2 protein chains.
Amino acid sequence: MTEELEKLPLGDIETLTGSLAQRVYAVLREAILHMRCPPGTVLRKGQICEQLGVSRSPVAEAIAKLSAEGLVDVVPQSATRVSRFSMSVIREATFLREALELAAVERVAQTITEEQLVALTRNLKLQRLLVEDGDHAGFFEADEDFHNMIMAFTGYQGVTRTLAGVSLQLSRARILLLPSSDRAQESLREHEEVLEALRRRDAETARSAMRFHLGQLISRIEPLEHVHSDFFVAQ
Amino acid sequence: MTEELEKLPLGDIETLTGSLAQRVYAVLREAILHMRCPPGTVLRKGQICEQLGVSRSPVAEAIAKLSAEGLVDVVPQSATRVSRFSMSVIREATFLREALELAAVERVAQTITEEQLVALTRNLKLQRLLVEDGDHAGFFEADEDFHNMIMAFTGYQGVTRTLAGVSLQLSRARILLLPSSDRAQESLREHEEVLEALRRRDAETARSAMRFHLGQLISRIEPLEHVHSDFFVAQ
DNA sequence: CTAAACATACTAACATGTTAGTTGACACAT
DNA sequence: ATGTGTCAACTAACATGTTAGTATGTTTAG
């Protein structure tokens, strides 16, 4: 038996700024969200320290933060694991995300400026190009940008951040959907309907268009529980 | 000059459970939320360690958590202060709270059971008694219970927790309103209207009744910026 | 052969020593 | 009197030593 010392697939800490603890947090979070550390992976403090070349203090702080966000499960005195998906947590996140995005789009419909409409229009043009090129990953990003822009247009700086925190698990699960992204076309169409309603300052229609659009995600995530059953908690 | 060694008004750590870090966090958080450590108070790690009889590690972890929640501001290498109120943060929290509570009440209107209606009715009876007794603090609690019960009735366990995190600053500011709580009467009336709509399973009316009710708070908080200007950040 | 008890190795949690950045006071030049 | 530079004291951030709880593998009793 060769003692296989598996290295964790972590990014480089040198390229980041901020305190050591923040950088360690960013590296771990990125690896978890992009599924390079799949659910169930055991994270050992000692190993992380060695690999990143830092001491245990900043690592402990980073893990505490990840634990608060629900990205890792800490078993006291024993082990730390990347948390598995839980359908109930995902359904909850869906509810929260819908609540926030609907409130945002309703408000933005009443306050949106010409410049903001131009920016959204430009983003949708980009989305169209990416769909035509079949660039799934690119579309994924532009899609997130579209939603984030609307959140930002509420004028509340922290709302985007709150949404990000709330729907962390959702974003993580979304990555699993990337390979089968034939939905981009429809998604684009739904985005256009939201924008169309915003152009007309029609809050009610914007709301229902967004509600329909967001409703598509959960029905695409639910089958994953069986496809990737090892990523989900036992029920 | 007598060297005044001001003790922080912290609760006792012995009475709590969980890891040391969790207990330290709970003690600090409680002192901040109840304004025993008013905004601007300087928290020194060394002092906290000495007073609670713990080492710096758990204190550091606790402060990191409070910092993430925005209850304290850490100035790197220098000092940690209890954060001051910021009207823009409060307005943001108001927006988020409204988004979540409206979504919740809308959903609950469609799913509420008889037992849940009974529980809410009982809570409102209690509220009425407390108003008649002029027990402001008691009403404050029953009021929070009412809202939390509705959140809990969504069936999403984490939603109540998320709301609590989101409207932390709001709760803190609400404490300042306690002395002048002649609004309890009206507040009770508004609660009754929400419950009435829930009884009829009328989601739309429940939503607008809740929206009206929540809208009252921000207009009562805004004047505080001038009354307690030392608790707010300079604008 | 099975199950329980014990020993061992390993981990997170906690305590404490060390480093480096910030602040504020005071001296000094303008 | 005022603005600037230096320095000392203090703080959070980081590193490392220590403790205690958990899991696992082995041994031993039934």
Side-chain angles (χ1 to χ4, degrees), chain A residues 1 3-8 10 13-14 16-28 32 37 40-83, chain B residues 1 3-8 10 12-14 16-28 32 37 40-83 234:
Chain A
M1 286 299 165
E3 277 287 340
E4 190 58 39
L5 179 57
E6 307 185 34
K7 272 187 85 174
L8 291 168
L10 302 180
I13 201 173
E14 306 290 344
L16 298 163
T17 61
S19 72
L20 264 182
Q22 287 174 331
R23 281 179 282 172
V24 172
Y25 165 77
V27 164
L28 290 174
I32 294 172
C37 290
T41 305
V42 176
L43 300 178
R44 265 172 274 272
K45 278 187 182 168
Q47 187 180 4
I48 296 169
C49 294
E50 201 176 321
Q51 199 169 326
L52 296 180
V54 301
S55 76
R56 298 192 303 260
S57 302
V59 173
E61 192 176 325
I63 288 185
K65 212 167 167 184
L66 292 168
S67 172
E69 293 177 328
L71 287 180
V72 303
D73 293 327
V74 177
V75 184
Q77 314 287 3
S78 171
T80 301
R81 262 182 284 272
V82 176
S83 66
Chain B
M1 287 300 167
E3 276 287 338
E4 190 58 39
L5 180 57
E6 308 183 34
K7 274 186 83 173
L8 291 168
L10 302 179
D12 197 348
I13 202 173
E14 306 292 343
L16 298 162
T17 62
S19 72
L20 265 183
Q22 287 174 330
R23 282 180 280 172
V24 172
Y25 165 77
V27 165
L28 290 174
I32 293 172
C37 290
T41 305
V42 175
L43 301 177
R44 263 172 275 270
K45 277 187 182 167
Q47 186 180 4
I48 296 169
C49 294
E50 201 175 322
Q51 199 169 326
L52 296 180
V54 301
S55 77
R56 298 192 301 260
S57 301
V59 173
E61 193 177 325
I63 286 185
K65 212 166 166 185
L66 292 169
S67 171
E69 293 178 327
L71 287 180
V72 304
D73 293 326
V74 177
V75 184
Q77 314 287 3
S78 170
T80 301
R81 262 183 284 271
V82 176
S83 67

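Order of the sequence lines fixes the chain letters, A, B, ..., with proteins taken first and strands second; residue numbering starts at 1 for each chain. On a predicted model such as this, the values are computed, not experimentally measured, just so you know.
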Let me have the donor-acceptor pairs involving side chains of residues 56-67 of chain B, under 3.5 Å, with sequence neighbours excluded, atom names and distances please.
none

Start and end of the DNA chain D segment that chain B contacts, any atom under 4.0 Å from a heavy atom: D:dT11 to D:dA13
Once you round it to whole Å, what is the distance between P of C:dT22 and CZ of B:Arg81? 14 Å
Once you apply a heavy-atom cut-off of 4.0 Å, does A:Ser57 come out as touching a base, just sugar-phosphate, or nothing? base
Pairwise 5' ranking along DNA chain C for A:Gln77 and B:Arg56, keeping only the more 5' one: A:Gln77
So which one's nearest nucleotide on DNA chain D is more toward 5', B:Gly46 or A:Ser55? B:Gly46
Would the distance check show the side chain of B:Ser83 and the main-chain N or O of B:Leu71 forming a donor-acceptor pair, the cut-off being under 3.5 Å? yes
CG (B:Leu16) and CD (B:Gln22) are apart, to the nearest 0.5 Å, by 10.0 Å
Between A:Pro76 and A:Leu20, which has a closest nucleotide on DNA chain D that is more 5'? A:Leu20
Mind checking B:Ser78 for me? I need base, sugar-phosphate or nothing, with any heavy atom below 4.0 Å counting as a touch. sugar-phosphate
Could you please spell out the steps behind the side-chain contact (heavy atoms from CB on, under 4.5 Å) verdict for A:Thr41 and A:Arg81? CA-CA 5 Å; A:Thr41 305; A:Arg81 262 182 284 272; over 6 Å; no
A:Gln51 (side chain) donor-acceptor with A:Leu8 (main chain) under 3.5 angstrom: yes
Side chain B:Glu50, main chain B:Gln47, donor-acceptor under 3.5 Å: no
